[in-house]
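Let me begin by presenting the structure, written as structure tokens, before commenting on it.
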Amino acid sequence: MVYGLSKPIPRPLLAVAVLVGAAVVLPLLYLVLRAAQAEPQQLIEIVLRERNLQLLGNTLALLVGVIALTTALALPLAWITSRTDLWGKRFWTVLLVLPLAVPGYVGVFGFFGATGASGWLEHLLGFPWPRPTGYLGALGVLTLFTYPYLFLNLRAALLGLDAGLEESARSLGYRGLEVFWRVVLPQLRPALFAGWLLIGLHVLGDFGVVSLVRFETFSYAIYLQYSASFDRVYAAWLSLMLILLTGSLLWLEARLLKNLSLSRVGLGSARKPQPVRLGVWWLPSLGLMAVPIVGALGVPLTSIVYWLAQYPSSPHTRSFEAVLEALRNSVQAAAPAAFLAACLALPLAYLGVRYPSRLSRLLERAAYIGYATPPLAFALALIFFSLRGVPFLYQTLALLILAYALHFLAEAIGPIRSALYQAPPRLEEAARSLGYNPLQAFLRATFPLLRRGLLASMALVFLSAVKELPLTFLLAPVGYSTLSTRIWGYTSEAMFAEAAPYALLIVLFSAGLVGLLLSQERR
Amino acid sequence: MNTQHAERPTSPTQAHAPILRVQGLTKRFHPDFPPVVENVGFTVEQGEVFALLGPSGCGKTTTLRLIAGFEQPESGQVWLEGREITRLPAEERGIGFVFQDYALFPHLSVFENVAFGLRRLRGKVRQARVLEVLGLVGLTVFKDRKPGELSGGQQQRVALARAIAPGPKLVLLDEPFSSLDAALRQATRDEVRALLKQAGIGAILVTHDQEEALSFADRLAVMRSGQLEQVGTPEEVYHRPRTPFVAQFLGRTNLIPGEARGLEAETPLGRILLSEEAHGAVLLSLRPEGLGLAMPLGHLGISGKQLEGTVLAREFKGHDMTYRVQLGNRELIVQESPESPFRPGDKVRVLVRAKAVVVGRGQ
């Protein structure tokens, strides 16, 4: 029986949830407000600038390039690790997912530390390897460190496919590759779209990679505007254009997914297909797997180890205490943000699970807007918001914490929501019938069951915030350096030995994040 | 049971008022759909066990949740011990509730679950009350276990103990036996009934199992599409159903049209006696045990007017035998003694042994 179709939402809960949703969207309104300050003449000049077209071209070229290249990499890898008789498929899968633990800017550190006149490749080979910069550099690095999003989606989809469909196609006279194109690939579409969307959002939001390899996309241009001349109105317009691009991507994904019904028709349970024999193809398969494993794990780790060994002898090295200070700063910002995000996510998740309605879906979507908004644009929006609305917060740690919490709110909702689904509403009703008011009933009956979910939420946000770069970059108080900003700063000045200890710490934190994500997914 | 722990004592002037009165209760979940509960009204006396019986989706659980205060009615009133509580929040009603899936708190031990509702008691008194109630349901030795470590029947008893611990005058039971296996169900039902009676607690049981309602309740109401069709004792409702639905829902029956003339009616089964006076077109209910089978008169060498049918199927049930018999264009269910000799295909004579009940008039 379905209850609560028209169940009235308790007023206090609704008020809190609306407040949280508004907190995410409000800064974006300030961005619009700031952009709208342009005089008509100035507006035309800003929007029709030729540079915008160039930025758009660059951004789209990078987007399409990364999507194409990640697909070319992830699709065969997903197939090899799910449908063949390859030995140690689980082991390879974990190795192939691990690049998620390396933030893009650490990836650039890895490649820059390996190449060029001072790189360890020169040490090894005797001649300097060219440094990956510009379009190709951005394309290569972003591909290597974002393909796991697509790989995970495709692998899950391939494992979930019903072998019966492929067998029917064979019985109707289709051969191996034909079956793949006409039966398997069409069914992989939802996984492809989902992976492409994640990668697309990542590319549009990326700041660390494009700024270090100096490839001018919208994000990089916003950063240049902010750091150099800071024409605020122009920066606001650039942010809006970037948000518009992100919105188009989300719209495109929704449109492609519409009318796509791929659920099993008919009864009977899906069967696992027979693994395909690799035969002589095992060598090319291993070769393909080696590309991301060497590129995205081997190179950065070697750079970290190599430059760590140089650390004590480097003339610019500051004491070990500088590392500790950055670590402390990272934790000081990320830990309160994690707590705040979990607190803010709780009412949204509760509303969505217990009172599903158009309104609760809308509020949850607000959280996802905060997540999908490119971080530089989000940071800029928060700057405008704080200057106008809460000037005492500008350039404070509190604003950075708030930014982390609002940006990663969507990450915090997931585990809390799963935990809520496991706590039946009957428990609260039982407490009510035993004399507890709604709030007491929630705290005594449901809350104890949410502990694990809340902890998982906090851990996710904490680790994400530690490796976050662009928000930190724009919103941290003057002189407040974190692990991520230190890596970025040293790498941009080719001081790789100085960057190495920070890179090591970030990789350790990120590995924890990936482990947590994988364990969450399994449940 | 000792009721001095009751948190809401009754004033002496209301001693004879019914414990619960429900009036014109109506609830709609969506304005475009018909109400889930429509104009429902009944009373439950002190210490009485009342059952709401109906097919799934008939609104009986919603009725229960309206009484508990988990849902708000569109119109109508709920009175508890002479006090109107329609708009009172659930936590202020002092009505116990046992859920279908028990809803035990998984993070609390059995002891803590039962103690959960004893908010006003402290220390020794509280502990004594918990142990007293656990003793009543025979679970004292399990007091330190977590609900997940108990069997279904034990969980059920913890749920009951938790509901009656604060000393409510009324507990609501939402299909509490449905998740127990058949063997355990009967025994648990008897225990729960004895316990409620001993403690003098009124109860409303919601169930779709007619046998459960008939054996468990002092009185029952049959519900259909959000409305009450009939309220009465199990015997009344079984033997004198008022509507064809009630007749069919409470066990198997034969519905036969007829033309009534006082205490008799002309029917396809011949002229039969009625349990009450009626005139004109009627619809009659005859239980299978009110019919019987015999050899056709021809076999006995007698010729005459008779109702001859053909046996379609026999179903041997140990303590009795159920036949399906074709009579004209009508199929009848007939219950006979287990040694009844007829086989499918046999010609038989249908005998009417009981008075028919009028379940519809003017058809």
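Each chain gets a letter, A, B and so on, in the order the sequences are listed, and its residues count up from 1.
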### Task
Pick one of side chain, backbone, both or neither for B:Leu104, based on which atoms fall under 4.5 Å of a heavy atom in chain A.
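Contact with chain A: backbone only.
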Distance (rounded to the nearest 0.5 Å) between [X] [atom1] and [Y] [atom2]:
X: A:Leu427; Y: B:Tyr102; atom1: CG; atom2: OH; value: 14.5 Å
X: B:Phe99; Y: A:Arg426; atom1: CZ; atom2: CZ; value: 6.5 Å
X: B:Phe97; Y: A:Arg432; atom1: CZ; atom2: CZ; value: 12.5 Å
X: B:His107; Y: A:Arg451; atom1: NE2; atom2: CZ; value: 7.5 Å

Between [X] and [Y], what is the shortest heavy-atom contact and its length?
X: B:Pro166; Y: A:Leu434; result: CG-CD2, 3.9 Å
X: B:Phe105; Y: A:Ala445; result: CE2-CB, 3.4 Å
X: A:Ala430; Y: B:Ala103; result: CB-O, 4.1 Å

### Message
Can you confirm if the NZ or CZ of B:Arg119 lies within 45° of the ring axis of A:Tyr436 and under 6.0 Å from the centre of its six-membered ring?
### Response
yes
### Query
Would the number of heavy atoms belonging to other residues, nucleotides or ligands and lying under 6.0 Å from OH of A:Tyr368 be above 12?
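More than 12 within 6.0 Å, yes.
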### Query
Around atom CZ of A:Arg358, are there more than 12 heavy atoms of other residues, nucleotides or ligands at under 6.0 Å?
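Not buried by this count: 12 neighbours or fewer within 6.0 Å.
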### Message
I'd like to know which of B:Pro106, B:Ala163, B:Ala159 tops the heavy-atom pair count under 4.5 Å against chain A.
### Response
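Of the candidates given, the most pairs with chain A belong to B:Pro106.
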Output side-chain donor-acceptor pairs under 3.5 Å for residues 345-352 of chain A, partner residues at least two apart or in another chain, one line each.
residue: A:Tyr350; atom: OH; partner: A:Glu428; partner atom: OE1; Å: 2.6
residue: A:Tyr350; atom: OH; partner: A:Glu428; partner atom: OE2; Å: 3.1

### Query
In terms of heavy-atom proximity below 4.5 Å to chain B, should A:Ala441 be classed as side chain, backbone, both, or neither?
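Neither part; nothing is under 4.5 Å.
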### Task
Taking ring-ring contact (aromatic ring centres under 6.0 Å, His included) as the test, write out the residues that go with B:Phe249, two or more places apart.
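So B:Phe249 forms a ring-ring contact (aromatic ring centres under 6.0 Å, His included) with B:Phe245.
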